[in-house]
2 protein chains.
Amino acid sequence: MSAKPVKRNTWQREAVREALNGSDGFISAQNLHSELRLAGSAIGLATVYRALTDLALEGEADSLQAEGESLYRACTPGQHHHHLICRTCGLAVEIEADAVEQWAQTIAAKHGFTQATHVVDVFGLCANCTLISS
Amino acid sequence: MSAKPVKRNTWQREAVREALNGSDGFISAQNLHSELRLAGSAIGLATVYRALTDLALEGEADSLQAEGESLYRACTPGQHHHHLICRTCGLAVEIEADAVEQWAQTIAAKHGFTQATHVVDVFGLCANCTLISS
DNA sequence: CTTGCTATTGATAACGAATCTCATTAGCGG
DNA sequence: CCGCTAATGAGATTCGTTATCAATAGCAAG
């Protein structure tokens, strides 16, 4: 059996983590990379992808699919939640929905499905963007 | 001003529609194209993409994003619904969830969001695939 | 039926997001 | 300071999807 590789702390991963925390909306790997480069960082694109993927499955970041690309956002770790996202500015609000969680489990079980997971996202225009677009 | 182009009926579009109706799960554009070719059709890949896109926004097909690609499925037009999808075989069950619809609207309004839409999909293993994988 | 207009097709090129390759770099325990 | 190897990064590669454009074929009018 192969022991799992020991993780190392690099400034690149820290930079990605900080950049994520500094943004209040969802952002793509490419945009995050651009921002870091503009800020003077010499980080590579592949590394940004790797860091975001890791953060996502470690539970430190949320990800969602929008228009064919993956968007990421820092999140409060440990608890399952969903998002209310502004279509225009990307602003995201974390929302909890115990009712929805249970509904998903129930509906899956009712149809004989096991290992149920779910994708629940609400999109709209935030108050600010609603004003601007009117 | 430009009048909107007049739609024409072609056997290709009809073939795609029929192929969709003949499948009971979600399917990718590429797989649908393969099936049609194997069935003897000379339809082109680009045409399959175009037909699926059209069907989706005409409301004759549902689409969802899974693992970086778009999947399509024929659906009962006119009514809003969600899906319970098998991760293994793609089998899909249409589910209605008035409670979820209202929850989405309520949560959006509470945070000042307008024009709310939502993405709700439940994934799991169907009864059959659960047996097979055990 | 024939003609004319143009929507549609399809082979292929182009595109973009994401991943892979692999030589080089650098974390970190000893 | 050494040595091991995880991590990096530039570029190549994969893969889904869309754009290009000449050829085809609906469809309405004559």
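Fair warning: this is a prediction, and the values are worked out from it, not measured in the lab. Any value given below was found using the heavy atoms of this structure, including those in side chains, with hydrogens, waters and symmetry copies removed. A, B, ... follow the sequence lines: proteins, then strands. Residue 1 opens every chain.
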### Query
With sequence neighbours left out, what residues match A:E67 under salt bridge (Lys or Arg N to Asp or Glu O under 4.0 Å)?
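Partners of A:E67 by the salt bridge (Lys or Arg N to Asp or Glu O under 4.0 Å) criterion come out as none, since no residue qualifies.
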### Nucleic acid footprint by protein, nucleotides 6-12 of chain C - heavy-atom cut-off 4.0 Å, B for base, S for sugar-phosphate alone
BBSBBB-
If I take atom [atom1] in residue [X] and atom [atom2] in nucleotide [N], what distance separates them, rounded to the nearest angstrom?
| X | N | atom1 | atom2 | result |
| --- | --- | --- | --- | --- |
| A:I27 | C:dA18 | CD1 | P | 13 Å |
| B:E67 | C:dT19 | CD | C1' | 15 Å |
| B:Q65 | C:dA18 | CD | C1' | 15 Å |
| A:E14 | D:dT8 | CD | P | 12 Å |

### Partners passing side-chain hydrogen bond (donor to acceptor under 3.5 Å, both in side chains) against A:E96 (at least two apart in sequence or in another chain)
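Scan of A:E96 (side-chain hydrogen bond (donor to acceptor under 3.5 Å, both in side chains), adjacent residues dropped) gives none.
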#### Entry: Any residue meeting side-chain hydrogen bond (donor to acceptor under 3.5 Å, both in side chains) with A:R37, in chain and number order, not counting sequence neighbours
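With sequence neighbours excluded, A:R37 shows a side-chain hydrogen bond (donor to acceptor under 3.5 Å, both in side chains) to A:H33, given in chain and number order.
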Report, one line per pair, each donor and acceptor closer than 3.5 Å where one atom sits in a side chain of residues 42-57 of chain B; sequence neighbours left out.
residue, atom, partner, partner atom, Å
B:Y49, OH, B:Q30, NE2, 3.4
B:T53, OG1, B:Y49, O, 2.8
B:D54, OD2, B:R13, NH2, 2.0

#### Entry: Angle between terminal axes - the helix from C:dC1-D:dG30 to C:dG30-D:dC1, 5 pairs each end, rounded to 10°
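That helix gives 30° between its end axes.
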Given a cutoff of under 4.5 Å between side-chain heavy atoms of I, L, V, M, F, W and Y, with clusters grown through shared members, what are the other residues clustered with [X]?
| X | answer |
| --- | --- |
| A:L38 | none |
| B:L64 | A:F26, A:L64, A:L71, A:I85, A:V119, A:F123, B:F26, B:L71, B:I85, B:V119, B:F123 |
| B:I132 | none |

### Task
Output all residues satisfying side-chain contact (heavy atoms from CB on, under 4.5 Å) with A:Q115, sequence neighbours left out; order by chain, then residue number.
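Here the qualifying residues are B:R87, B:L125.
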### With A:C129 via side-chain contact (heavy atoms from CB on, under 4.5 Å) - residues at least two apart
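If we apply the side-chain contact (heavy atoms from CB on, under 4.5 Å) test to A:C129, skipping adjacent residues, the hits are A:C86, A:T88, A:C89, A:C126.
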### Message
Less than 4.0 angstrom from a charged side-chain N to a carboxylate O is my criterion; do B:E58 and B:R17 meet it?
### Response
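B:R17 and B:E58: not salt-bridged.
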Dump the pairs, protein N or O against N or O of nucleotides 12-16 of chain D, anything under 3.5 Å, distances to one decimal.
residue, atom, partner, partner atom, Å
D:dG16, OP2, B:Q30, NE2, 3.3
D:dG16, O5', B:Q30, NE2, 3.3

